[in-house]
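Single-structure report; data block below.
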There are 2 protein chains.
Amino acid sequence: MNENNQNATSYQGEKKHYVAIDCIIFGFDGQKLKLLLIKRNFEPEKDKWSLMGGFVKENENLREGSERILNELTGLENVYLEQLFTYGEAQRDPVARTLSISYFALINIEDHDAGLTKSKNGEWFTFDEKPPLIFDHDKMVNKALAHLQYKAALHPLGFELLPEKFTIPQLQKLYEAIYDKELDRRNFSRKILSTGLLIDTGEKYEGGNTKKAMLYTLDKEKYGSQFNDFHYFTPKGFF
Amino acid sequence: MNENNQNATSYQGEKKHYVAIDCIIFGFDGQKLKLLLIKRNFEPEKDKWSLMGGFVKENENLREGSERILNELTGLENVYLEQLFTYGEAQRDPVARTLSISYFALINIEDHDAGLTKSKNGEWFTFDEKPPLIFDHDKMVNKALAHLQYKAALHPLGFELLPEKFTIPQLQKLYEAIYDKELDRRNFSRKILSTGLLIDTGEKYEGGNTKKAMLYTLDKEKYGSQFNDFHYFTPKGFF
DNA sequence: CCAAAAGTGTTTCCGTTACACCCATGG
DNA sequence: CCATGGGTGTAACGGAAACACTTTTGG
């Protein structure tokens with residue numbers, strides 16, 4: 001029955017399964033939170049929309065696989081990537097029983113290789129515009145969004161979605177996009193600055209037609225060490 | 001190469017993988033937080049300690065599998081069970097490449113079938129006494145403990161580890177065991193009661209040799225609806 | 001009646017909120 | 001010089017922390 005050669009302690013009575021990885025890729029364009037999807041030009045479910053995914057290779061670590069799949073669509077490396085959940089309903093994939101490990105990616109939308117993405121039929125959608133997805137991919141997206149909202153409230157996660165240098169108003173816009181709610185400008189600013197995670201670059205943002213905002217960078221040192229601390233970036237009773 | 005019959009849209013070029021489920025089972029004995037492990041009387045790694053686990057069956061949902069495996073060792077059903085993380089380093093299992101999906105279980109230690117557990121070579125350990133485990137199971141345990149600490153700080157999770165009726169001092173002992181820190185009795189009591197999750201049963205705990213504490217039950221209704229709310233059961237700056 | 005643990009009350013303090021006010025820029 | 005958005009300051013409020021005090025029970 002089994003394709004492998006057996007030895008005394010192998011798992012010969014057990015069944016094997018297809019295992020896929022699907023990536024939920026979030027980006028931010030300065031105004032809205034977006035999701036990167038692909039229009040499938042291959043079977044199954046050709047011409048429908050889905051998450052970017054792929055099968056786990058024979059000798060590939062899961063993290064490597066997720067990085068490979070993300071890279072194939074965006075050209076990016078060293079991206080914020082976190083394993084989220086493994087979907088394993090026996091009937092979730094009508095073609096054949098397949099497990100899917102979902103990975104959650106946050107990218108600065110300006111950094112990705114737009115040509116590569118286009119060549120793979122990738123497209124960015126706001127949540128308003130998002131088409132229905134194949135299989136249980138809508139469920140995956142919902143869980144990932146909930147996770148983003150949950151985690152960004154407690155940990156300095158949002159910075160991953162912004163350019164290297166950013167202003168506090170930009171960061172606020174991002175948080176407002178994540179939670180679809182407005183925040184008080186003055187309190188937000190003080191709360192963010194009080195974390196000590198931001199370094200003033202001395203530069204000012206060029207582009208606004210009013211007072212130019214100060215540009216900050218992340219203090220990578222503190223960011224790493226404080227990442228698992230609690231920060232409460234959202235107002236009390238926010239949820 | 002592949003054992004299945006193929007059709008036009010099957011995944012014939014892809015590799016399949018063994019997929020296991022391992023359960024990290026937490027219990028509380030009134031004083032200490034404990035972990036349920038098994039001494040393996042089967043290969044591989046016979047006579048060593050490991051988590052309770054098993055392979056995912058051909059047509060079994062993952063949640064069903066985790067419930068089956070937990071039930072085999074404890075006799076319990078309807079237990080708090082949460083999928084945690086999927087371990088998939090290519091070399092994590094020296095016998096054959098195997099993915100392992102870890103599940104996190106919280107049980108009331110009094111409820112389980114001690115005879116069944118014993119017959120499966122199961123044993124409860126405090127974290128002080130825990131032996132080294134096979135493969136990457138120590139890593140799984142550490143991640144599960146971190147998750148318990150994280151989640152119990154924000155959600156009313158601890159109740160799962162206590163009997164149906166419990167006292168506030170018992171609940172406090174549990175939190176102190178989870179975090180290995182002492183809490184202020186008076187503030188803890190007020191904080192817990194302010195959640196409105198506890199119902200006074202009118203009874204008193206029999207067993208202490210001083211003043212008998214009041215017995216409470218969970219308000220299941222509120223528990224369900226508030227489970228995803230933030231509660232902050234631990235003091236500020238606790239971590 | 002004493003020790004030990006449980007329950008209730010109170011003051012202090014600090015972080016959050018909800019504001020007002022000032023500053024810089026382009027048209 | 002004015003509209004718009006960015007930056008800084010502050011009073012009031014509320015929840016948490018740190019206490020003291022009272023009550024119950026067994027020995």
Are the side chain of Thr74(B) and the backbone N or O of His112(B) linked by a donor-acceptor pair below 3.5 Å?
-> no
Measure from NE2 on His231(A) to P on dT16(C) and round the result to the nearest Å.
-> 12 Å
Result for 5'-nearest mapping on DNA chain D, choosing between Lys211(B) and Ser189(A), is Ser189(A)
Side-chain heavy atoms of Phe26(B) within contact of Leu35(B), under 4.5 Å | yes
Atom-to-atom span, CZ of Arg190(B) to P of dT11(C) - whole angstrom | 13 Å
Between OH of Tyr205(B) and P of dT25(D) the distance, given in whole Å, is 15 Å
Does the ring centre of Tyr175(B) sit less than 6.0 Å away from the ring centre of Phe28(B)?
-> no
Ile192(B) atom CD1 is separated from dT8(C) atom C1', nearest whole Å, by 17 Å
Quick one: is Lys191(A) getting a side-chain N or O under 4.0 Å of the dG15(C) phosphate, OP1 or OP2?
-> no
If you draw the axis of the six-membered ring of Phe85(B), does the NZ or CZ of Lys143(B) fall within 45° of it and under 6.0 Å from the ring centre?
-> yes
Presence of donor-acceptor pair under 3.5 Å, side chain of Arg185(A) and base of dT4(D) | no
Listed nucleotide nearest any side-chain atom of Arg186(A), set dG7(C), dC21(C), dA5(C) | dC21(C)
Select one nucleotide: of dG7(D), dT17(C), dA18(D), the one nearest the side-chain heavy atoms of Pro169(A).
-> dG7(D)
Whole angstrom is fine here: how far is it from CG in Asp184(A) over to C1' in dG6(D)?
-> 13 Å
Under 6.0 Å between the ring centres of His155(A) and Tyr150(B)?
-> yes
Rounded interatomic separation in angstrom, taking CG from Asn209(B) and P from dC2(C) = 18 Å
Which of dC21(D), dT17(C), dG7(D) is nearest the side chain of Asn187(A)? It is dT17(C)
Distance, rounded to the nearest Å, where Leu193(A) contributes CG and dG9(D) contributes C1' | 14 Å
Residue-phosphate contact under 4.0 Å: Lys204(A) side-chain N/O, dG6(D) OP1/OP2 | no
Considering only heavy side-chain atoms of Thr210(A), the closest of dT4(D), dT25(D), dG9(C) is dT4(D)
Which of dG7(C), dC19(D), dT17(C) is nearest the side chain of Met214(B)? It is dG7(C)
Would you mind reading off the distance between Lys212(A) atom NZ and dG26(C) atom P, rounded to a whole angstrom?
-> 4 Å
